[in-house]
Amino acid sequence: MSKNQEIAERVLTLVGGEENVNSVVHCATRLRFKLKDEGKADTEKLNQDSDVIQVVQSGGQYQVVIGSHVSDVYKELMAHSNLGDDDSEKDEGPKGNIFNQLIDIISSIFTPFLGAMAGAGVLKGFLTLALTLNWLTVESGVYVVLFAIADGIFTFLPILLAFTAAKKFKTNQFLAVCLAMALVHPSISALAGQTLSFAGIPVIIGASAYTSSVIPIILAVYVQSYVERFFKKIIPSFLQIICVPLAVFLVMAPVTFIAIGPIGTILGDLLGKGYNGIYGLSPIIAGAVMGGLWQVFVMFGMHWGFVPIMMLNLSQAGGGVDTMAPMLLPAVLAQGGAALAVFFMTKNVKLKGLALSSTMTSVFGITEPTVYGVTLPLKRPFIAACIGGAVGGAFIGFSHVQNYVFGLISLLSLPGFIPQDTKDTSGLIAAVIGTVIAFVIAFVLTFILKFEDKPEAGSETATKGNSSNSETQHGNKNDKIVLKSPITGTIVPLDKVEDQVFSSGALGKGIAVEPALGELYAPANGEITTLFPTGHAVGITTEDGAEVLMHIGMDTVEMDGDGFEILVKQGDKVKQGELLVKFDIEKIKAAGHPVVTPVVVTNSGDYLDVLDMDQTDVLHGEDFLAIVR
């Protein structure tokens with residue numbers, strides 16, 4: 001099993017299993033679950049998981065922050081579960097307030113293709129930079145081909161929105177895409193700014209038609225979901241394959257062009273003008289607020305509410321521009337500045353490594369590892385970064401920097417601040433200055449404000465009394481051997497195991513686990529000294545001399561290896577956390593055997609005691625048993 005599959009299965013178990021999941025999508029760093037009951041998710045365990053950066057419950061979503069490799073974890077989650085199946089009949093559970101519903105709708109619709117759109121935006125910005133530096137001309141074949149892919153996603157944006165909106169609203173995705181294709185059809189785009197007649201009813205086509213539009217197609221697909229369900233109820237099933245699409249087209253095409261399209265265009269214009277009106281009152285205050293609070297918005301998922309505004313600004317007739325994205329760049333890079341200061345200040349080796357890597361990811365616009373892994377837990381660095389972002393954002397607002405392409409907010413966004421027609425680089429220069437200001441302020445303020453450094457695991461013990469500590473390290477009777485859990489599941493006291501040999505302690509002291517995953521791992525570094533050919537039991541002698549027996553299920557020897565896959569052989573040297581055996585939980589249960597797995601120290605008599613950690617549930621790799629010697 002791959003590392004990403006292991007993470008995916010563990011996360012799915014801890015959010016309450018498939019039966020508790022309505023839907024799941026992912027963004028740049030997070031798995032975004034819609035759960036039936038968030039109370040069934042083990043948030044504490046997830047936050048303690050070394051592969052989970054943080055859990056955020058916001059906007060009606062249960063967000064598990066994984067990091068930049070979240071897409072790989074998501075693929076494994078989809079491949080090894082039924083979550084990718086059609087869920088049109090699932091109960092959505094509690095909806096939350098209107099604000100949460102709106103945030104959920106926006107994030108669900110935009111998240112699936114946000115990476116593609118960000119990549120295209122960066123490419124478009126670099127093409128503009130290439131024109132500015134005279135590396136390319138608009139007539140060159142290189143420019144024409146690359147511009148087609150960079151600009152195509154924005155020109156035909158309604159098609160992508162139709163597909164994801166249809167999934168969100170649980171309606172036929174291909175009918176929705178056909179509707180979007182009609183909106184961006186060349187014959188319609190050619191009528192931009194004109195009015196035509198549909199059976200005597202005027203049809204108003206906006207000044208930029210519907211290419212690059214956002215709201216009209218989302219509203220249209222929402223209405224389509226009800227129209228489609230209506231026709232499915234009244235049309236006989238044997239006619240539905242043809243008649244339902246035909247009926248949807250005949251109703252939705254005129255309704256969209258006559259009513260929904262113009263209404264959506266008006267709403268978009270009002271939203272864009274509302275933001276620009278606020279920005280016009282004081283660009284400096286707008287920059288300070290957005291730069292200072294952007295990461296707070298991201299933490300609570302509220303940033304999704306601003307995505308349509310940025311896109312609407314860019315889709316305005318006559319070549320739209322956006323002033324919001326440049327003000328956000330200092331907020332992103334300021335987190336990197338604070339993390340870099342933490343790198344220089346901390347004495348914790350693990351935190352130092354995380355701070356340096358987080359600084360790098362923030363440069364490319366991925367701030368969740370920085371915020372949740374470094375600055376926010378330490379508090380003051382996060383405050384320093386917010387202050388830096390506010391000052392940098394205010395400077396950029398003061399400089400009236402404008403953005404011309406949509407993309408992920410990062411240093412790669414900078415070429416997008418150059419207008420293609422004039423090739424004026426003043427906006428880019430001002431953005432660089434504002435971003436440097438934010439980075440430096442966050443860096444310096446972190447040094448000034450300081451923070452409570454996180455000690456290394458066990459370092460507190462290491463600093464208390466050199467003489468007593470050296471006794472411990474060299475075999476003092478109070479020394480402990482800590483075994484890691486070889487399995488993920490629910491703790492069962494050994495005396496509750498339905499086997500007299502184990503429950504009586506005849507084989508040694510220990511504990512048992514009711515497995516949630518069919519995998520057995522090495523609890524410590526050592527040698528495989530016992531390995532049954534059937535795979536149902538494994539014994540390991542640790543480097544410290546502890547003899548550990550792990551018995552998968554009761555009477556499973558009778559299965560003669562069916563349902564067990566052995567990944568090691570007797571005599572192998574193994575490392576803690578190495579996968580030893582895979583086993584099929586359902587097959588064991590179907591054979592009529594308990595799956596409870598005892599883990600016992602067979603030479604318990606050589607030690608003062610064997611103690612558990614007073615857990616109820618455990619993940620493999622967690623501290624599990626303490627052997628006192």
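Predicted model only: the values in this text are computed from it and were never measured.
For the pair S213 (side chain) and P216 (backbone), a donor-acceptor distance under 3.5 Å is absent. Under the 3.5 Å distance criterion, the side-chain polar atoms of E578 are matched with a main-chain donor or acceptor of K575. Checked by atom type and distance alone, the side chain of N4 never pairs as donor or acceptor with a backbone atom of E76 at under 3.5 Å. Looking at T211, its side chain never comes within 3.5 Å of a backbone N or O of T155 through a donor-acceptor pair. Although no hydrogens or angles enter the test, the distance criterion places no donor-acceptor pair under 3.5 Å between the side chain of D42 and the main chain of V15. S358 places no side-chain N or O within donor-acceptor distance of the main-chain N or O of A355, the cut-off being under 3.5 Å. Side-chain atoms of R32 never come within 3.5 Å of backbone atoms of Q63 as a donor-acceptor pair (strictly under, hydrogens ignored).
Taken to the nearest 0.5 Å, the OG1 atom of T488 stands 6.5 Å off from the CZ atom of R10. The CG atom of L517 lies 4.5 Å from the OG1 atom of T13; values are rounded to the nearest 0.5 Å. Here the straight-line distance linking atom CG of L445 with atom SG of C386 works out to 11.0 Å at 0.5 Å rounding. In this structure, the separation between CD1 on I284 and OH on Y279 is 9.5 Å, given to the nearest 0.5 Å. To the nearest 0.5 angstrom, L46 atom CG is 10.0 Å from L31 atom CG. D617 CG to E44 CD: the interatomic distance, rounded to the nearest 0.5 Å, is 10.5 Å.
When every heavy atom of L146 is checked against every heavy atom of L127, the shortest pair comes out as C-CD1, 3.7 Å. Summarising the geometry of I218 relative to I109, their closest heavy-atom pair is CG2-CD1, 4.0 Å, with the distance given to 0.1 Å. Counting all heavy atoms, side chain and backbone alike, A162 lies closest to I217 at CB-CG1, 3.8 Å. The heavy-atom pair separating P381 from V342 by the smallest distance is CG-CG2, 3.9 Å. Among all heavy-atom pairs drawn from A385 and A338, the shortest one is CB-CB, 4.0 Å. Taking all atoms of both residues into account, the shortest heavy-atom contact from A442 to T446 is O-OG1, 2.7 Å.
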### Task
Show your reasoning for whether side-chain contact (heavy atoms from CB on, under 4.5 Å) applies to F147 and L131.
CA-CA 12 Å; F147 184 79; L131 292 177; over 6 Å; no

### Task
Could you walk me through whether V24 and L77 pass the side-chain contact (heavy atoms from CB on, under 4.5 Å) test, one step at a time?
CA-CA 10 Å; V24 58; L77 185 64; 4.2 Å; yes

### Task
For E452 and L378, run side-chain contact (heavy atoms from CB on, under 4.5 Å): C-alpha distance rounded to whole Å, both residues' side-chain angles, the deciding distance at 0.1 Å, then the answer.
CA-CA 7 Å; E452 184 179 349; L378 298 175; over 6 Å; no

### Task
Test L267 against L219 for side-chain contact (heavy atoms from CB on, under 4.5 Å), laying out the working first.
CA-CA 11 Å; L267 289 175; L219 291 178; 4.2 Å; yes

### Message
K3 vs D72, test: salt bridge (Lys or Arg N to Asp or Glu O under 4.0 Å). Steps then yes/no.
### Response
CA-CA 10 Å; K3 176 71 171 177; D72 297 323; over 6 Å; no

### Message
What verdict does the salt bridge (Lys or Arg N to Asp or Glu O under 4.0 Å) test give for E622 and K45, after you've listed the backbone C-alpha separation in whole Å, the side-chain angles of each residue and the deciding distance to 0.1 Å?
### Response
CA-CA 11 Å; E622 287 187 333; K45 284 283 187 185; 3.4 Å; yes

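In this structure, the side chains of V332 and S410 stay at 4.5 Å or more apart for every pair of heavy atoms. No side-chain heavy atom of F398 sits under 4.5 Å from any side-chain heavy atom of P283. Taking 4.5 Å as the limit, some side-chain heavy atom of L411 sits within range of a side-chain heavy atom of L333. A 4.5 Å side-chain heavy-atom check between E18 and L83 finds at least one atom pair inside the cut-off. Using a 4.5 Å heavy-atom threshold, the side chains of E38 and Y62 count as touching. Using a 4.5 Å cut-off on side-chain heavy atoms (C-beta onward), L129 and I418 make contact. In this structure, the side chains of N403 and S413 stay at 4.5 Å or more apart for every pair of heavy atoms. Looking at V296 and F382, their side chains come closer than 4.5 Å, going by heavy atoms from C-beta outward.
Within 6.0 Å of CZ in F447 there are more than 12 heavy atoms belonging to other residues, nucleotides or ligands. The number of heavy-atom neighbours closer than 6.0 Å to OH of Y143, taken from other residues, nucleotides and ligands shown, is above 12. I285 CD1: 12 or fewer foreign heavy atoms inside a 6.0 Å radius.
Between W294 and F297, the two ring planes are perpendicular [angle over 60°; tilted spans 30° to 60°]. Relative ring orientation between Y521 and H620 is described as parallel, the plane-to-plane angle staying below 30° on a 0-90° scale split at 30° and 60°.
Side-chain contact, N348 with T346: no donor N or O sits under 3.5 Å from an acceptor N or O. A donor-acceptor contact closer than 3.5 angstrom links the side chains of Q402 and Y404. No side-chain N or O of Q335 forms a donor-acceptor pair with one of S362 less than 3.5 Å apart.
Taking the ring axis of F343 as reference, the NZ or CZ atom of K352 stays within 45° of it and closer than 6.0 Å to the ring centre.
With sequence neighbours excluded, no residue satisfies salt bridge (Lys or Arg N to Asp or Glu O under 4.0 Å) with K379. Q576 meets the side-chain hydrogen bond (donor to acceptor under 3.5 Å, both in side chains) test with no other residue; sequence neighbours excluded.
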